[in-house]
Amino acid sequence: MEDENNKDCVYAFLYCSCIHESSYATVSLHYSKQGAINAMNNHKFEAQRKFDIMMSGDKVRSSIKFGEFESWMVEPIDILP
């Protein structure tokens, strides 16, 4: 199922905004695992940029680490006939 040339599966980029209260949501589907990884990395980069802007200059919230309560992953999904 992990084969890049396998036409019987797609790769889902999944995101969970809060690992304690939420479930994963599908952000996008891709024919290649690398495409899903690229989408995930782009999403994380943009989220990091927004986080840095939001936290800049805030001494109280400076102990919060980016992604501490979030999760990103890529999972293969079988395409059924």
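Source: prediction; values computed, not measured.
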Atom of Ala47, atom of Trp72 and distance for their closest heavy-atom approach: CB-CZ2, 4.4 Å

I need the single residue from Met55, Gln48, Lys50, Arg49 that forms a side chain to side chain contact (heavy atoms under 4.5 Å, CB included) with Phe66. Which is it? Gln48

Could you tell me how the ring of Phe13 sits relative to the ring of His43: parallel (under 30°), tilted (30 to 60°) or perpendicular (over 60°)? perpendicular

Thr26 side, atom OG1; Leu14 side, atom CG - distance, nearest 0.5 Å: 5.0 Å

Point-to-point distance, once rounded to the nearest 0.5 Å, from SG of Cys18 to CD of Glu68: 10.5 Å

Heavy-atom pair with the smallest gap, counting every atom of Lys65 and Phe51: C-CZ, 3.9 Å

Can you find a pair of side-chain heavy atoms, one from Val10 and one from Tyr31, that are under 4.5 Å apart? yes

Which of these passes side chain to side chain contact (heavy atoms under 4.5 Å, CB included) with Tyr11: Ile77, Ile37, Val74? Val74

OG of Ser22 to OH of Tyr15, rounded to nearest 0.5 Å, is 8.5 Å

Under a 4.5 Å side-chain heavy-atom rule over Ile, Leu, Val, Met, Phe, Trp and Tyr, are Val27 and Met40 clustered together? yes

Nearest-0.5 Å distance that lies between atom OG in Ser17 and atom CZ in Phe69: 12.5 Å

Measure the OG-CG distance between Ser32 and Asn38 for me, rounded to the nearest 0.5 Å. 7.5 Å

Please determine, by modelled atom types, if Asn42 and Glu46 share a side-chain donor-acceptor pair under 3.5 angstrom. no

